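Here's the structure, in structure tokens; my notes come after.
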Amino acid sequence: MVTVSPTPLLKDELDIVIPTIRNLDFLEMWRPFFQPYHLIIVQDGDPTKTIKVPEGFDYELYNRNDINRILGPKASCISFKDSACRCFGYMVSKKKYIYTIDDDCFVAKDPSGKDINALEQHIQNLLSPSTPFFFNTLYDPYRSGADFVRGYPFSLREGVPTAVSHGLWLNIPDYDAPTQLVKPLERNTRYVDAIMTIPKGTLFPMCGMNLAFNRELIGPAMYFGLMGDGQPIGRYDDMWAGWCTKVICDHLGWGVKTGLPYIWHSKASNPFVNLKKEYKGIYWQEELIPFFQSVALPKDCTTVQKCYIEISKQVKAKLGKVDDYFNKLADAMVTWIEAWDELNPSGDISAKIPNGASK
């Protein structure tokens with residue numbers, strides 16, 4: 001029996017969210033690291049299919065019928081037949097932190113051959129400050145053996161809260177379909193022992209397969225969009241959440257870290273299937289990036305919810321003319337926030353719940 005540590009970090013303050021359409025045998029490999037934590041499994045696709053979870057894990061499982069029952073008409077904002085359905089798990093969680101991982105991701109080894117406890121590293125990232133306002137050339141100054149370099153302003157050395165910890169992957173790279181097609185055999189073998197804060201004003205492509213965040217700080221912005229079945233686009237769910245989240249973190253003064261920890265990504269998805277899902281996204285992203293680079297949030301946007309609703313208005317006003325899909329997406333963003341506030345009434349004092357009705 002492998003023992004991790006006497007008391008796992010944040011044992012009662014973190015949920016692990018997993019979207020899946022298959023049996024979760026991959027959890028066996030993660031058992032030493034995940035078993036102490038509560039899992040929220042969001043089953044995609046056919047709700048009559050039974051998903052098997054290995055013995056000994058503490059979990060709750062939601063399928064499409066559960067989503068419809070819990071959210072009613074607002075369930076329309078949760079994507080169907082797409083891993084974007086995972087964000088339902090963020091909404092129903094009652095914990096301060098979330099770690100989300102895909103079911104084709106395994107434990108990676110560091111260069112010395114030791115198993116990487118990805119969850120522990122994410123927690124360390126989230127519990128240490130970020131430095132978005134001034135770049136430290138030694139990367140994360142809070143790691144052991146590092147510090148702020150000469151010329152780093154003392155007034156900024158305290159850092160700001162870390163809202164998001166974005167981990168990476170060895171083996172199968174996270175490429176878009178055109179890159180997959182021209183580099184079918186490429187594997188990521190580079191383990192870079194670094195963590196950095198993404199500077200303020202800089203967007204990044206967020207991957208949802210190895211991701212942790214402070215749900216209490218940034219949860220309502222972690223909406224993985226309207227993707228998959230019935231939508232003209234897929235595989236941009238995490239990107240959308242990443243762009244919205246980063247703009248809001250920049251506005252509210254929080255940080256996003258990227259780098260360690262690595263996981264082992266085992267399965268290359270089909271580039272032709274991916275191209276079909278991504279085609280419009282690849283085309284639209286040339287408009288989306290300048291849009292997010294120019295989003296300005298007014299001073300009175302003091303909560304994540306207010307920021308998110310404001311972004312939805314700007315999506316409608318500016319991206320609605322790119323394609324009608326963005327009008328639908330903007331409406332879904334508003335529905336998502338309404339559903340979030342209903343399930344998490346204390347999260348925002350402006351939550352529209354009469355007399356703060358209890359759950």
Side-chain angles (χ1 to χ4, degrees), residues 4 7-105 118-119 122-123 126 208-216 218-220 222-224 228 237-238 241 263 335-336 338-347 357-359:
V4 186
T7 338
L9 284 165
L10 303 180
K11 177 179 154 351
D12 300 318
E13 292 179 77
L14 181 141
D15 278 334
I16 299 173
V17 174
I18 305 165
T20 193
I21 52 167
R22 58 182 69 86
N23 293 335
L24 293 180
D25 307 331
F26 92 114
L27 283 172
E28 281 302 345
M29 194 180 199
W30 287 102
R31 190 182 287 279
F33 307 131
F34 287 3
Q35 196 159 358
Y37 296 88
H38 180 67
L39 312 181
I40 298 178
I41 299 158
V42 184
Q43 177 181 343
D44 197 11
D46 179 2
T48 61
K49 196 179 157 202
T50 305
I51 298 258
K52 289 197 179 72
V53 182
E55 288 289 308
F57 284 93
D58 167 42
Y59 71 94
E60 52 192 303
L61 189 151
Y62 296 94
N63 63 29
R64 196 71 210 182
N65 296 340
D66 301 314
I67 295 173
N68 292 337
R69 176 176 49 80
I70 292 165
L71 296 184
K74 293 190 176 75
S76 62
C77 72
I78 304 295
S79 300
F80 187 50
K81 293 195 177 160
D82 193 280
S83 70
C85 67
R86 76 178 80 218
C87 61
F88 176 76
Y90 312 159
M91 193 188 263
V92 293
S93 168
K94 293 289 171 268
K95 303 282 172 63
K96 183 174 180 180
Y97 300 96
I98 295 282
Y99 174 52
T100 186
I101 184 171
D102 285 0
D103 60 13
D104 60 352
C105 294
L119 183 53
H122 274 296
I123 290 169
L126 289 170
M209 69 177 151
N210 175 26
L211 179 74
F213 58 92
N214 183 327
R215 181 182 172 279
E216 228 165 65
I218 200 66
M222 277 289 177
Y223 175 45
F224 276 44
D237 48 328
D238 41 10
I263 47 96
T335 305
W336 158 266
E338 288 169 354
W340 182 282
D341 282 347
E342 266 177 37
L343 289 180
N344 302 279
S346 59
S358 61
K359 285 291 298 158

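Everything numeric here is computed off the predicted structure, so don't read it as measured data. Positions are given from 1, in the same order as the sequence printed here.
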Residues which pass side-chain contact (heavy atoms from CB on, under 4.5 Å) with I21, listed by chain and number, not counting sequence neighbours: D44

C85 versus I78, closest heavy-atom pair with distance: CA-CG2, 4.0 Å

Sidechain-backbone polar pair: N63 side chain, T48 backbone, donor-acceptor under 3.5 Å: no

Shortest non-hydrogen separation from Y223 to C87 and the atoms involved: CD1-SG, 3.9 Å

Minimal non-hydrogen separation, P220 against W340, with atom names: CG-NE1, 3.5 Å

Distance (rounded to the nearest 0.5 Å) between F88 CZ and Q43 CD: 12.5 Å

Non-hydrogen side-chain atoms of Q35 and F57 separated by less than 4.5 Å: yes

Under the side-chain hydrogen bond (donor to acceptor under 3.5 Å, both in side chains) test, residues paired with K95 that sit two or more places apart: D15

All salt bridge (charged side-chain N to carboxylate O under 4.0 Å, His left out) counterparts of E28, not counting sequence neighbours: R31

Residue list, side-chain contact (heavy atoms from CB on, under 4.5 Å) with T100, at least two apart or on another chain: V17, P19, R86, Y90, L211

Min side-chain heavy-atom separation S79-F224 under 4.5 Å: no

Steps toward side-chain contact (heavy atoms from CB on, under 4.5 Å) verdict (I101, L119): CA-CA 10 Å; I101 184 171; L119 183 53; over 6 Å; no

Distance (rounded to the nearest 0.5 Å) between L61 CG and I51 CD1: 6.5 Å

Close side-chain approach of D104 to F26, heavy-atom, < 4.5 Å: no

Nearest-0.5 Å distance, CD1 of residue I16 to CZ of residue F34: 4.5 Å

S83 OG to D102 CG distance, which is reported to the nearest 0.5 Å: 5.5 Å

Test side-chain hydrogen bond (donor to acceptor under 3.5 Å, both in side chains) applied to Y99 - qualifying residues, sequence neighbours left out: N210

Whether W30 and F33 hold their rings parallel, tilted or perpendicular, with breakpoints at 30° and 60°: perpendicular

Only distances under 3.5 Å count here; give the side-chain donor-acceptor pairs of residues 68-75 to other protein atoms, sequence neighbours excluded, each with its distance to 0.1 Å.
from	atom 1	to	atom 2	distance (Å)
N68	ND2	R64	O	3.4
R69	NH2	D66	OD1	3.0
K74	NZ	E342	OE2	2.9

Side chain proximity check, L39 to L24, heavy atoms < 4.5 angstrom: no

Closest approach of T335 to S76 (non-hydrogen atoms, all atoms of both residues): CG2-OG, 4.5 Å

Pairwise distance OH(Y97) to CG(L126) - rounded to 0.5 angstrom: 6.5 Å

Distance (rounded to the nearest 0.5 Å) between K49 NZ and T20 OG1: 7.5 Å

Nearest atoms (heavy-atom pairs only) where G208 meets D238: N-OD2, 2.8 Å

